Amino acid sequence: LTLAVVLPRRNLTYPWAWPRVGPAVSLAAAAVNSRRDLLPGFTVRWVFGDSEDRHGVCSDMAAPIVAVDLWLAHRPAAFLGPGCVYSAAPVARFTGHWQLPLVTAGAEAHGFDDKSEEFGLTTRAGPSHRKLGELGVQLHRRFNWTRRALIVYWDEPAGDRPYYFAAEGLYVQLPTLRNLTVMDAVFRDGGNFSFIIQEIKAKGR
């Protein structure tokens, strides 16, 4: 029984990097294999594929290519990872097409909540930004913030855009509060912070 692992090989800035997760995968496989009553007639093994590009960051091109290679070569029963949003999305679409489960500690973006189609077999073991949005809704109810919400966040249209996807959870969930106006203001490195202050003044009241 083969488990395909698609994770960053070296970059320890990711909590799901292989040097962090690899020992747990090895221990889990050994523990399952030592219990013959768990999967009688099967031996669990894993194969690894690197989701990093040549710069050492999560890649939406490398991850699906590696996933297809692992599927063709090993016919795995399930996938572990990727964790990064832009890497996980295409791999999850492939695994859904192959009717294989994918388990990830990442993929926090709101879009992965849709289990009706492409992400129906994706299971997230970590936090999701939908839960952050639900927390925002509860805070607004608790403190009776009923008129408007302004989401201010940092974003660069490159990389895995963690703050963008975190803000998305709030942006999608807050409008479930009746008659609440939700706006956003984005800033970047070297940006005009006077403009942001004016945006907060104009939109946040």
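Everything quoted here is computed from the prediction, not taken from an experiment. Computation of the quantities below employed the complete heavy-atom set of this structure, encompassing side-chain atoms and omitting hydrogens, waters and symmetry-equivalent molecules.
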By side chain to side chain donor-acceptor pair (under 3.5 Å), Arg35 pairs with (sequence neighbours left out) Asp37
Taking only residues two or more places apart in sequence, or in another chain, which ones meet Phe48 in a side-chain contact (heavy atoms from CB on, under 4.5 Å)?
Val5, Leu7, Arg9, Trp18, Trp46, Asp50
Report yes if some heavy atom in the side chain of Thr95 is under 4.5 Å from a heavy atom in the side chain of Leu121; otherwise report no.
no
Measuring only between side-chain heavy atoms, which start at C-beta, is His110 closer than 4.5 Å to Gln173?
yes
Side-chain donor/acceptor of Gln99 to backbone N/O of Gly96, under 3.5 Å:
yes
Please identify each residue that fulfils salt bridge (charged side-chain N to carboxylate O under 4.0 Å, His left out) with Asp160, with sequence neighbours left out.
none
Does the side chain of Leu39 come within less than 4.5 Å of Leu1's, by heavy atoms?
yes
Where Leu132 and Ala166 come nearest, the two heavy atoms and their spacing:
CD2-O, 3.5 Å
All ring pair (Phe, Tyr, Trp, His ring centres under 6.0 Å) counterparts of Phe42, not counting sequence neighbours:
none
Which distance, rounded to the nearest 0.5 Å, do you find between the OG1 of Thr181 and the CG of Leu174?
11.5 Å
Out of curiosity, Glu108 CD to Glu168 CD, how far, rounded to the nearest 0.5 Å?
11.0 Å
With sequence neighbours left out, write down each residue that passes ring pair (Phe, Tyr, Trp, His ring centres under 6.0 Å) with Phe119, or none if nothing qualifies.
Phe112
Report all side-chain donor-acceptor pairs from residues 71-88 shorter than 3.5 Å, counting only partners two or more places apart or in another chain.
from: His74; atom 1: ND1; to: Arg45; atom 2: NH2; distance (Å): 3.3
from: Arg75; atom 1: NH1; to: Trp71; atom 2: O; distance (Å): 3.2
from: Ser87; atom 1: OG; to: Ser59; atom 2: N; distance (Å): 3.3
from: Ser87; atom 1: OG; to: Ser59; atom 2: O; distance (Å): 3.1

Compile the donor-acceptor pairs under 3.5 Å between side chains in residues 133-146 and protein atoms, sequence neighbours left out, one pair per line.
from: Glu134; atom 1: OE1; to: Lys131; atom 2: NZ; distance (Å): 3.4
from: Glu134; atom 1: OE2; to: Arg130; atom 2: NE; distance (Å): 3.2
from: His140; atom 1: ND1; to: Gly136; atom 2: O; distance (Å): 2.9

Heavy-atom pair of closest approach, residues Cys58 and Pro8:
SG-CG, 4.0 Å
Return each pair, listed once, that meets salt bridge (Lys or Arg N to Asp or Glu O under 4.0 Å) where at least one residue sits in residues 51-72; pairs must be two or more places apart or across chains.
none
Partners passing ring pair (Phe, Tyr, Trp, His ring centres under 6.0 Å) against Tyr153 (at least two apart in sequence or in another chain):
none
Is atom CZ of Arg20 surrounded by more than 12 heavy atoms (other residues, nucleotides or ligands) closer than 6.0 Å?
yes
Would you mind reporting whether Thr123 and Leu102 have side-chain heavy atoms less than 4.5 Å apart?
no
Under the ring pair (Phe, Tyr, Trp, His ring centres under 6.0 Å) test, residues paired with Tyr171 that sit two or more places apart
none
Non-neighbouring partners of Thr13 that pass side chain to side chain donor-acceptor pair (under 3.5 Å), sequence neighbours left out
Asn11
Please identify each residue that fulfils side-chain contact (heavy atoms from CB on, under 4.5 Å) with Glu118, with sequence neighbours left out.
Arg93
Nearest heavy-atom approach of Phe94 to Pro64 is CE1-CB, 3.7 Å
Where Leu70 and Gly49 come nearest, the two heavy atoms and their spacing
CD1-N, 3.9 Å
